[in-house]
2 protein chains.
Amino acid sequence: MTSQQVEIALARAQRVCTLRGARLTPVRRRVLELILRADQPTKAYVLLAKLEQERGKLGPPTIYRALDFLLAHQLIHKVETSNAFVACDDAERAHQSQFVICEDCGATEEIQDDDIVASLRRLGEMRGFAVERQVIEARGLCPACRVGQRQA
Amino acid sequence: MTSQQVEIALARAQRVCTLRGARLTPVRRRVLELILRADQPTKAYVLLAKLEQERGKLGPPTIYRALDFLLAHQLIHKVETSNAFVACDDAERAHQSQFVICEDCGATEEIQDDDIVASLRRLGEMRGFAVERQVIEARGLCPACRVGQRQA
DNA sequence: GCAAATTCGTTACGCTATAACGTCTCTTAG
DNA sequence: CTAAGAGACGTTATAGCGTAACGAATTTGC
């Protein structure tokens, strides 16, 4: 993601927050920026280390609070099987995300498939559950690592 | 699960292991039994505490090694969003599991839906991924807790 | 029986996440 | 204007999850 794209995403995030009466504080904004600039899912303690480089010693709660805020507003998603965080393309629209993750290199792609979400919701409802959140992740080998695997 | 059902499950597990040339050692067997007897998903450190009551101080690796073995042979599944383990109904057949989990009481039901597994596999393959493992979990409120929620 | 492999105990450590409390700031109603 | 309340953040401590590394003991295959 180019710096310009990051700026655009940050501006959009600011807009979303303002609309919702939420505050995109400096910490939250900076954490979102770090996630946006990363080309792979980012771990909480990596974010913490970067933030501490800039601001001196903080602590895990500072990061986790920012992450909780960004998650609540759908500005980021959590990849559960990696314990890592990625930026979300469109926070405006409420939606669920799915991911495919490479076991080898960690490459992660977001999927947006309404059908699979509906299917899982239906399976839950058939059992009387009111489904609120879905975690749908596929792990395996990305195209690049499949090639490497064959040659190894 | 009744004690008799537990015994049957353990015998079946023993059979599966023998067939595969794997050893269901006392530790592994006991861990499986503890998971079978629990009516909810069980956490690693809970298992560790119970095992240490019986055998004196051990350590996390003892439990995690047993869990890894049981997972590898599909005798148990891991509920990723709960960091907990449940017994598997049929280890003979290779399969993926899905779960619905109650946010309120932790009640967890296993789903076996081949269609959703195939869907996610296809979504991964469309992106060039060789999908090896799937995590599909729905979190929400179980029937009992839905009622409580309305009254509260 | 002996070498190799598997299993397990043990110690230590790293990563993930939250509880609890105090301070500061910002809003806002009076 | 100001006091009260809410929200955000810093800080310390701790709980929970998981693995690395090493050595002893046991099992297995030859």
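Note on naming: letters A, B, ... go to the chains in the order of the sequence lines (proteins, then strands), and numbering restarts at 1 for each one.
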Within the pair [X] and [N], is there a side-chain N or O less than 4.0 Å away from OP1 or OP2?
{"X": "B/Tyr64", "N": "D/dG18", "value": "yes"}
{"X": "B/Asn83", "N": "D/dG18", "value": "yes"}
{"X": "B/Thr62", "N": "C/dG9", "value": "yes"}

* Asked: Can you tell if the side chain of A/Leu24 reaches within under 4.5 Å of the side chain of A/Phe69, non-hydrogen atoms only?
  -> yes

* Asked: Can you find a pair of side-chain heavy atoms, one from A/Pro41 and one from A/Phe85, that are under 4.5 Å apart?
  -> no

* Structure fact -> Whichever of B/Arg23 and B/Glu80 has the more 5' nearest nucleotide on DNA chain D, that residue is B/Glu80

* **Option passing side chain to side chain contact (heavy atoms under 4.5 Å, CB included) with B/Ile101 (candidates B/Glu109, B/Arg139, B/Gln40)** => B/Arg139

* Shortest non-hydrogen contact from B/Cys145 toward B/Asp104 -> SG-CB, 3.6 Å

* How close do B/Ile63 and B/Ala44 get, heavy atom to heavy atom, and via which atoms? -> CG2-O, 3.7 Å

* Nearest listed nucleotide, side chain of A/Thr25, among D/dC9, C/dT11, C/dA19 -> D/dC9

* **DNA chain C contacts among residues 27-58 of chain A, heavy-atom distance under 4.0 Å** => A/Lys43, A/Tyr45

* Asked: Is any N or O donor-acceptor pair between the side chain of A/Arg65 and the base of D/dG7 shorter than 3.5 Å?
  -> no

* To do: Let me know the distance between NE2 of B/His73 and C1' of C/dT7, rounded to the nearest Å.
  => 13 Å

* **Gap between atoms CG and P, on B/Leu67 and C/dT7 respectively (whole Å)** => 15 Å

* Hey, which sits more toward the 5' end of DNA chain C by its nearest nucleotide, B/Gly59 or B/Ala22? => B/Ala22

* Main-chain N/O of A/Val135 paired to B/Glu137 side chain as donor or acceptor, under 3.5 Å -> no

